[in-house]
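Notes to accompany the following structure.
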Amino acid sequence: MNYAQMLKPAIATVPVYEPGKPIEVVARELGLEPDCIAKMASNENPFGSSPKALAAASKALCGAWMYPENSAFYLRSRLAEKLGVDFSMLSICAGSNEFLYLLGDLFLAPGVEVVMSRPSFITGKIVTLLYGATPVEVPLRKDLSQDLDGLLAAITDKTRLVYLPDPNNPTGTVCTQAELDRFIAALPDHVVLVYDEAYREYRKEMPDLIPHIRAGKKGICTRTFSKIYGLAGLRVGYSISSPELAELVNRVRPPFNVSVPALAAALAAVDDEEWVEKCQMLNAAGLAQLREGLCEMGLECVNGEANFVLVRFGASAMDIFAKLQQKGWIVRPVRNYGLPEYLRISVGTPEQNAGILDALRELLAPSAL
Ligand SMILES: Cc1ncc(COP(=O)(O)O)c(C=O)c1O
């Protein structure tokens with residue numbers, strides 16, 4: 001018997017997660033110097049990590065020989081204080097992705113349905129299929145925003161989770177507080193809303209699900225230190241839910257899943273308001289810079305509020321992707337999200353934004369076509 005014959009049947013249906021291409025890989029493949037390549041493909045923070053977090057992580061490395069404190073007491077206590085929620089409502093994971101897997105452990109099995117937008121962040125679908133459950137995908141509206149009424153209409157007796165990233169990835173589109181309020185109010189009692197807030201810090205006004213959770217609605221907010229705090233490589237995120245759901249999440253969480261330096265970095269990052277404010281400002285300016293430049297070239301940008309922009313290039317999207325890469329600009333094709341005419345570009349430093357706009361101007365000049 002070979003491995004393929006031994007697998008759980010669900011595994012064959014699971015799409016492979018395609019990360020943005022690392023700089024080293026592109027350098028090797030195209031014979032470019034790594035220093036001449038900019039990665040604008042994974043919605044990372046182009047300004048690096050919170051300096052306070054980095055200093056704390058470096059210091060914590062001395063304790064690397066010990067297992068981490070498994071309850072994440074200090075990080076949860078500080079978050080509880082900062083966010084005004086009870087300690088028992090918080091769980092800590094190795095990045096917000098991991099919560100989706102733990103919710104899969106808790107609620108998903110063959111015969112169960114998960115409602116989500118098509119497209120939305122691919123981990124929602126991957127996890128659903130991994131557990132043999134059925135993704136029920138609701139198309140986006142014409143403007144590529146999520147169709148909340150459509151999501152509600154897709155709920156059946158078999159639904160256990162609704163996955164709602166806000167802002168959505170790869171589109172960047174957002175829901176308003178009023179839309180979220182209406183949505184959660186209409187959610188039946190046998191369904192948990194998974195509200196993925198990975199890009200929350202980039203929004204001017206982020207809707208708040210916590211009052212609904214306090215009022216007894218079934219929901220979980222998942223958040224991350226990967227984006228504005230610049231700690232994607234350390235893998236740490238947290239969730240806010242009812243104490244009952246947090247306890248269940250903790251029950252299936254792998255022991256010691258968040259490393260000693262990651263816990264220390266996150267604890268310091270929570271209080272690095274200066275860093276957050278600086279990156280919010282720089283991102284807003286960078287997003288405007290990119291959108292303006294792209295619009296001047298006659299390209300259509302999706303209306304979003306994150307640290308990336310989804311741009312329509314039409315039938316030549318993959319060609320532009322390849323040519324940008326040859327010039328040292330890594331962006332993200334979104335074919336696998338069912339958007340073959342679009343590319344997703346992460347906001348970079350002002351110099352990177354200007355550089356990629358110049359590269360695109362060259363590629364799109366009539367003489368180059
Ligand atoms: C919507 C969304 N959720 C979650 C994640 C993953 O975050 P983490 O690094 O915390 O696992 C991403 C990463 O790109 C994302 O776009």
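Note: hydrogens, waters and symmetry copies are ignored here, and every other heavy atom, side chains too, is used. Both ligands and their constituent atoms are indexed starting at 1 by order of listing.
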Please classify the Ser96 to ligand 1 contact at 4.0 Å (heavy-atom distances, strictly less than): side chain, backbone, both or neither. both

Please verify whether a non-hydrogen atom of Asp196 lies at under 4.0 Å from ligand 1. yes

Check Asn169 against ligand 1 and report side chain, backbone, both or neither, counting heavy atoms closer than 4.0 Å. side chain

Where is the nearest protein heavy atom to atom 9 (O) of ligand 1: which residue, which atom, and how far? Ser226 OG, 2.6 Å

Search all heavy atoms of Arg223 against all heavy atoms of Leu83 and return the closest pair with its distance. NH1-CD2, 3.8 Å

So if I count the atoms of ligand 1 from 1 in the order they appear, which ones are less than 4.0 Å from some heavy atom of Ala198? 2 (C), 3 (N), 4 (C)

Examine the proximity of ligand 1 to Tyr199 and report which part, side chain or backbone, both or neither, has a heavy atom under 4.0 Å away. side chain

Determine, step by step, whether Tyr131 and Phe107 satisfy the ring-ring contact (aromatic ring centres under 6.0 Å, His included) criterion, reporting the C-alpha distance in whole Å, the side-chain angles of both residues, the deciding distance to 0.1 Å, and the verdict. CA-CA 9 Å; Tyr131 288 87; Phe107 299 113; over 10 Å; no

Glu274, CD atom: more than 12 neighbouring heavy atoms under 6.0 Å: no

Contact summary for Ser49 and Gly230, nearest pair of heavy atoms: OG-O, 2.7 Å

Considering the heavy atoms of Gly95, write down every atom of ligand 1 situated less than 4.0 Å from one of them. 10 (O), 11 (O)

If we only count N/O pairs under 3.5 Å, is Thr224 in contact with ligand 1? yes

Within reach of ligand 1, part of Glu98 (heavy-atom separation under 4.0 Å): neither

Checking a contact table here: which protein heavy atom is nearest atom 14 (O) of ligand 1, and how many Å away? Lys227 NZ, 2.9 Å

Could you check whether atom CD of Glu29 has more than 12 heavy atoms from other residues, nucleotides or ligands sitting under 6.0 Å from it? yes

Check Leu294 against Val309 and note the closest heavy-atom contact, atom names and distance. CD1-CG1, 4.0 Å

Closest protein heavy atom (residue, atom, distance) for atom 6 (C) of ligand 1: Asn97 ND2, 3.4 Å

Above 12 or not: heavy atoms from other molecules or residues under 6.0 Å from CD of Gln177? yes

For atom NZ of Lys82, decide whether the heavy atoms of other residues, nucleotides or ligands shown that lie under 6.0 angstrom number more than 12. yes

Among all protein heavy atoms in this structure, tell me which lies nearest to atom 5 (C) of ligand 1, with the distance rounded to 0.1 Å. Phe121 CE2, 3.5 Å

Can you find an N or O of Arg235 that's nearer than 3.5 Å to an N or O of ligand 1? yes

List the residues meeting side-chain hydrogen bond (donor to acceptor under 3.5 Å, both in side chains) with Ser316, not counting sequence neighbours, and say none if there are none. none

